[in-house]
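In what follows, every heavy atom counts, from backbone to side chain, and hydrogens, waters and symmetry copies are set aside. As the structure is a prediction and not an experimental result, all values here were calculated from the model.
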Amino acid sequence: MRINADVKKRPLFFLAFVAVIGALLLFVFRNFGQYFNRQLVDVQSQSLTAYAQEMELRLETEFARAGSSMRGAANWVVTTNADPGSPEFTEYLNRLNDGAIQNVHYMTVGAWAQKSGQSHTPGQVEIYRAKLQSGQDILSDVQRDGSGCYLWMDSPVLIGDRLNGVLRCRLDLIALLKNGDQPPMAQTVTICLSDPHGGILYCQDDRYEGKNVFAPADPKLYAPGAAETLRTSAQNRVPCTVALPAPRVGYFVTLIPFSGGQWNLVLVTCSPALQSSLRSISRTVELLAIFLLLLFAVSLGMFLWFLDKEHSRERRNEVRYTLLADFSDIVLFQYDIAADTIHFTPNIRKSLQLTELTYPNFSKTERFATLRPEDGARVREGLAALRAGADEYRLELPFYPPDGKVRWFECYVRALREHGALREAMGRLTDITARKTNELDLVRQSTADTLTGLLNRMATERQINEQLARQPEGTLFMLDVDNFKSINDRLGHAEGDRVLKEVAAALTRTFRSGDLIGRPGGDEFVVFLPGVDDPAVISRIYGDLRAALQTILITEEHPLTVSMGAAMAPDAGRSFAALFAAADAAMYGAKKNGKDQFSIA
């Protein structure tokens with residue numbers, strides 16, 4: 001019995017309609033709840049940040065007041081020439097004790113250095129002494145004793161440019177960080193002080209002491225990215241408030257850097273009223289979501305049943321396609337123009353040792369897989385030609401798989417168009433490694449000197465002429481090994497070959513990768529330096545080259561020497577032949593002057 005095609009499609013249409021409606025309702029309700037929650041959290045965060053800024057301003061005011069009092073006392077000591085041991089001086093300092101400012105007293109420089117040395121390294125003491133000498137106040141790290149936590153503030157007593165003594169006061173942290181009015185919707189506020197790296201130095205609640213604001217013991221304490229937000233806030237010295245995720249909804253951590261970034265003021269706030277509001281909204285959204293998800297699940301179950309049948313058929317087709325591809329050494333690929341994505345057949349894993357079959361953003365990828373950037377640019381140029389109207393293109397490309405063995409492929413691509421518009425491109429990669437290796441070997445044999453591996457006479461002449469056609473400026477060096485015939489006659493041809501190989505190696509090390517180095521024959525070598533036409537630069541290069549060649553020993557007592565000549569283009573000629581003749585004449589002129597010499601034509 002055949003089922004009408006429209007009847008077959010009805011379940012799919014129905015499921016699609018239900019899925020769209022369910023997803024739309026779920027999206028609307030969830031986003032509404034999340035938006036309302038975010039608004040409440042943002043308002044509370046702004047309120048807590050403002051509250052923390054007021055507290056930070058109060059702290060800075062207290063530090064400024066303490067510094068002003070200490071500097072006033074130092075000026076009084078200097079102007080009145082008061083005796084630090086007198087009762088009047090002690091009484092004056094006692095009058096400075098006020099609120100958080102406690103235990104104001106005077107110390108000699110020696111006593112100060114001894115006291116500071118008990119808790120600081122000699123290097124730190126010297127840094128503090130230099131700051132005091134320059135008139136700066138010093139705030140200590142957080143200190144503790146039986147009476148609580150505090151800071152020391154040191155102010156210099158300067159007579160002229162000389163540090164005559166130090167005034168020190170104790171700043172009580174409990175008094176400094178005393179809570180004022182509570183922020184709105186906040187039941188408890190715990191105030192802490194941390195170092196620039198987040199380590200808690202002081203806290204009203206002992207549970208937090210020794211912890212780190214940026215790296216909590218429980219990694220799930222913060223929402224993703226919150227710890228980095230707090231760390232960035234401390235580094236940039238800007239205030240910041242982050243809300244903690246479930247199950248700590250309604251808790252906030254506020255950080256305010258102060259005192260030039262020496263400390264961070266950290267507030268841990270609990271807002272029960274906000275907790276209740278957020279939970280109520282979350283429960284409502286959850287009930288709606290559950291209803292919608294149940295409805296969607298029933299529809300989705302039916303849809304998945306139909307979908308699984310289709311997927312099974314696709315998987316069978318993919319297995320057959322993979323097996324057929326494995327029987328061939330040709331890799332096929334498809335390039336989707338609109339999606340800018342390229343898809344390969346599975347046998348590319350074996351041919352090029354790639355792990356993926358699909359690569360998105362292909363036209364924007366600087367380095368594709370195992371292809372060099374310049375060759376990837378050639379592929380993109382070919383695709384651009386297809387877009388411009390070409391029907392096909394071919395390229396020969398080297399690939400560099402992880403095993404280090406270069407593989408050559410011929411890339412053939414054809415355009416597929418619909419109504420004149422390019423939709424996609426189909427192509428194949430054919431392995432031509434064997435043929436290409438033979439071609440490259442033949443080219444290498446025809447251009448390389450068999451003994452040294454440098455360019456031979458014909459290749460040297462051709463490449464230098466090509467370079468002069470592109471850029472007329474340059475310098476040709478020509479050098480000849482002194483007394484080379486004597487080396488062959490006395491020590492043998494094997495020793496002569498060794499000398500020539502070492503000269504070639506020294507030239508390769510000395511000159512740039514873009515310079516052309518060749519051996520025309522015998523014991524003569526040439527080097528062409530594109531763009532170099534300054535005699536001073538040429539003389540310096542000669543010095544470097546001479547030093548490199550003198551490391552080659554003919555015998556233990558006799559280093560190698562060479563005679564060199566140079567000719568500059570275009571003054572001495574515009575071709576290899578002209579420059580070679582001029583450099584050759586200059587070199588033989590150097591030989592006549594006693595060898596181991598250099599001459600510029």
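Applying the salt bridge (charged side-chain N to carboxylate O under 4.0 Å, His left out) test to Glu424 and every residue at least two apart in sequence or in another chain returns nothing.
Counting only heavy atoms from C-beta outward, the side chains of Asp375 and Pro398 approach each other to under 4.5 Å. In this structure, the side chains of Leu357 and Arg349 come closer than 4.5 Å at one or more pairs of heavy atoms. Between Tyr542 and Asp544 there is no side-chain heavy-atom pair separated by less than 4.5 Å. Leu201 is not listed as a side-chain neighbour of Asp141, based on a closest heavy-atom distance of 4.5 Å or more.
By the neighbour-count criterion of 12 heavy atoms within 6.0 Å, atom CD of Gln114 is sparsely surrounded, having that number or fewer from other residues, nucleotides or ligands.
Minimum heavy-atom separation, Leu171 to Ala66: CD2-CB, 3.8 Å. Across all their heavy atoms, Leu93 and Ala73 have their closest contact at CD2-CB, 4.3 Å. Of all the heavy atoms in Pro360 and Thr341, the pair that sits closest is CA-OG1, 3.7 Å.
Taking CG from Leu429 and CG from Leu397, the interatomic distance works out to 7.5 Å, rounded to the nearest 0.5 Å. Rounded to the nearest 0.5 Å, atoms CG (Asn264) and OG (Ser233) are 7.5 Å apart.
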Exercise for review: Tell me, with the steps shown, if Thr241 and Ser45 meet side chain to side chain donor-acceptor pair (under 3.5 Å).
Suggested key: CA-CA 6 Å; Thr241 296; Ser45 297; 5.5 Å; no
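A donor-acceptor pair shorter than 3.5 Å can be found between the side chains of Tyr335 and Asp340. A side-chain N or O of Trp112 and one of Asp154 form a donor-acceptor pair less than 3.5 Å apart. Under 3.5 Å, the side chains of Ser155 and Asp137 contain a donor-acceptor pair of N or O atoms.
Sorted by first then second residue, the ring pair (Phe, Tyr, Trp, His ring centres under 6.0 Å) pairs that include residues 210-243, not counting sequence neighbours, number zero.
A cation-pi arrangement is present between Arg170 and Tyr150, with the terminal nitrogen or guanidinium carbon under 6.0 Å from the aromatic centre and inside a 45° cone about the axis.
Ring planes of Trp76 and Tyr92: parallel class, angle under 30° (limits at 30 and 60°).
One finds no salt bridge joining Glu381 and Arg378 here, because no Lys/Arg side-chain nitrogen approaches an Asp/Glu carboxylate oxygen to under 4.0 Å.
Ring pair Tyr128/His120: centre-to-centre distance below 6.0 Å.
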